[in-house]
Amino acid sequence: MEDLETLKSGMLACTLCQDLPLGPNPIFQLDQDARILIVGQAPGRITHHKGRPFDDPSGDRLRDWLGIDRTTFYSDPRVGIFPMGLCFPGGGAGGDNPPPKVCATTWRQPVMDRLEKVELTLVLGAYAIAWHLPDLKGKSVVEAVRRAAEGKDGVFVLPHPSPRNNRWLKQNPWFEQDVLPRLSARVAEVLR
């Protein structure tokens with residue numbers, strides 16, 4: 001059985017998806033000591049070019065939601081980021097393409113099996129929900145977020161923190177009023 005470092009090396013060298021518009025560029029942040037795991041869809045175009053997850057306005061909002069600063073987010077080994085797709089899948093005017101299935105099929109379970117210290121998982125997006133919370137597969141974002149609003153079993157479902165979701169946040173003020181205080185308190189507890 002490969003250890004996490006061997007798997008990470010394999011992921012960084014992965015070239016399974018040669019047909020990606022910008023080519024393979026696996027982006028994730030994982031350490032054996034991860035206590036918080038952020039699970040999104042796949043890196044976006046900006047992330048692909050910067051080589052760092054959530055180094056954009058979405059990341060600023062996410063860090064605000066979590067109540068942690070950039071240094072903690074990127075330097076604390078207890079914070080892990082493991083998207084469903086490791087590379088930018090391409091996209092168009094309507095948004096990014098779905099993460100290629102081969103990515104999750106190849107890497108997801110072996111990595112998850114080695115992240116034994118994770119206490120809190122933050123799930124963002126339909127593909128992440130389908131894999132991590134199959135009972136919520138096909139539910140609307142509102143319903144999925146509501147059902148996981150208590151952080152039961154150490155899992156919160158979050159809307160994507162993208163500025164594109166400003167309308168969703170305005171239509172669902174309960175998220176910022178009720179869920180975010182619980183989320184930031186749980187993050188602080190895990191990182192204490």
Side-chain angles (χ1 to χ4, degrees), residues 2-32 34 36-66 68-77 79-115 118 121-133 137 141 144 157-169:
E2 295 176 310
D3 64 11
L4 182 60
E5 292 306 313
T6 303
L7 284 169
K8 285 168 49 177
S9 294
M11 289 189 298
L12 287 170
C14 183
T15 57
L16 287 171
C17 301
Q18 289 294 325
D19 59 339
L20 296 173
L22 300 179
N25 182 22
I27 298 170
F28 56 89
Q29 176 178 301
L30 290 170
D31 189 280
Q32 194 67 48
I36 297 172
L37 185 63
I38 301 165
V39 180
Q41 301 291 96
R45 184 179 305 274
I46 292 172
T47 297
H48 174 89
H49 291 300
K50 288 186 171 185
R52 189 176 196 179
F54 291 106
D55 192 9
D56 58 14
S58 296
D60 294 338
R61 177 177 274 164
L62 179 59
R63 286 183 289 279
D64 184 55
W65 287 354
L66 302 179
I68 58 177
D69 59 28
R70 286 179 66 85
T71 301
T72 302
F73 190 79
Y74 290 116
S75 300
D76 192 322
V79 178
I81 302 169
F82 187 39
M84 295 304 298
L86 300 178
C87 302
F88 173 61
D96 293 346
N97 292 332
K101 290 180 183 178
V102 68
C103 200
T105 303
T106 304
W107 303 113
R108 194 127 211 106
Q109 194 62 57
V111 169
M112 294 302 296
D113 288 345
R114 282 146 189 88
L115 296 175
V118 172
T121 303
L122 312 178
V123 181
L124 292 80
Y127 298 96
I129 291 168
W131 198 92
H132 286 268
L133 299 163
K137 182 179 180 178
V141 173
V157 174
L158 306 176
H160 196 282
S162 168
R164 288 184 179 192
N165 276 339
N166 286 343
R167 182 175 172 192
W168 189 95
L169 293 168

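Here the structure is a predicted model, which means the values were calculated and not measured.
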Inset, instruction - Measure the CG-CD distance between Asp113 and Glu2 for me, rounded to the nearest 0.5 Å. - result: 12.0 Å
Inset, instruction - Indicate the atoms forming the closest heavy-atom contact of Gly85 with Cys103, along with that distance. - result: CA-SG, 3.7 Å
Legend entry - Closest non-hydrogen atom pair between Leu124 and His160, with its separation: CD2-CA, 4.1 Å
Inset, instruction - Starting from the C-alpha separation in whole Å, work towards a yes-or-no answer on side-chain contact (heavy atoms from CB on, under 4.5 Å) for Asp96 and Phe88. - result: CA-CA 8 Å; Asp96 293 346; Phe88 173 61; 3.5 Å; yes
Inset, instruction - Would you indicate whether the side-chain heavy atoms of Pro24 and Gln18 approach each other to under 4.5 Å? - result: yes
Legend entry - Minimum side-chain heavy-atom gap Arg114-Leu30 below 4.5 Å: no
Inset, instruction - Let me see the working for His49 and Leu22 under side-chain contact (heavy atoms from CB on, under 4.5 Å), right down to the final yes or no. - result: CA-CA 9 Å; His49 291 300; Leu22 300 179; 3.9 Å; yes
Legend entry - Rounded distance (nearest 0.5 Å) linking atom CG of Leu86 with atom OG1 of Thr106: 9.5 Å
Legend entry - Residue pair Ala130 / Lys137: nearest heavy atoms and the distance that separates them: CB-CG, 3.8 Å
Legend entry - Leu37 side, atom CG; Phe82 side, atom CZ - distance, nearest 0.5 Å: 8.0 Å
Inset, instruction - List the atom of Ile27, the atom of Pro43, and the distance in Å for their closest heavy-atom pair. - result: CB-CG, 4.0 Å
Inset, instruction - Indicate yes or no: at least one non-hydrogen side-chain atom of Val141 is less than 4.5 angstrom from one of Asn165. - result: no
Legend entry - Side chain proximity check, Pro89 to Pro98, heavy atoms < 4.5 angstrom: no
Legend entry - Flag side-chain contact, heavy atom, 4.5 Å: Arg63 against Val79: no
Legend entry - Under-4.0 Å salt bridge between Asp55 and Arg70: yes
Inset, instruction - Take Val39 and Met112, measure what side-chain contact (heavy atoms from CB on, under 4.5 Å) needs, and give me the verdict at the end. - result: CA-CA 11 Å; Val39 180; Met112 294 302 296; 5.7 Å; no
Inset, instruction - Measure across Gly91 and Asn97 and return the closest heavy-atom pair with its distance rounded to 0.1 Å. - result: N-ND2, 3.6 Å
Legend entry - Non-hydrogen side-chain atoms of Pro159 and Trp65 separated by less than 4.5 Å: yes
Inset, instruction - Identify the heavy atoms of Gly40 and Ala128 that sit nearest to each other, and give their distance. - result: O-CB, 4.0 Å
Legend entry - Interatomic distance, Met84 atom CE to Tyr127 atom OH [nearest 0.5 angstrom]: 10.5 Å
Legend entry - Atom pair OG1 (Thr72) and CG (Leu66), whose distance is rounded to the nearest 0.5 Å: 10.5 Å
Legend entry - Side-chain donor or acceptor of Asp3 paired with backbone N/O of Thr6 under 3.5 Å: yes
Inset, instruction - On the 0 to 90° scale, with breaks at 30° and 60°, tag the Phe54-Phe73 ring pair as parallel, tilted or perpendicular. - result: perpendicular
Inset, instruction - Any chance you could measure Thr121, atom OG1, to Leu133, atom CG, to the nearest 0.5 Å? - result: 8.5 Å
Legend entry - Validation row: Leu7, Trp107 side chains within 4.5 angstrom (heavy atoms): yes
Legend entry - Close side-chain approach of Phe28 and Pro83, heavy atoms under 4.5 Å: yes
Inset, instruction - Give a yes or no on whether Ile46 atom CD1 has more than 12 heavy-atom contacts from other residues, nucleotides or ligands under 6.0 Å away. - result: no
Legend entry - His132 and Arg108: side chain donor to acceptor below 3.5 Å: yes
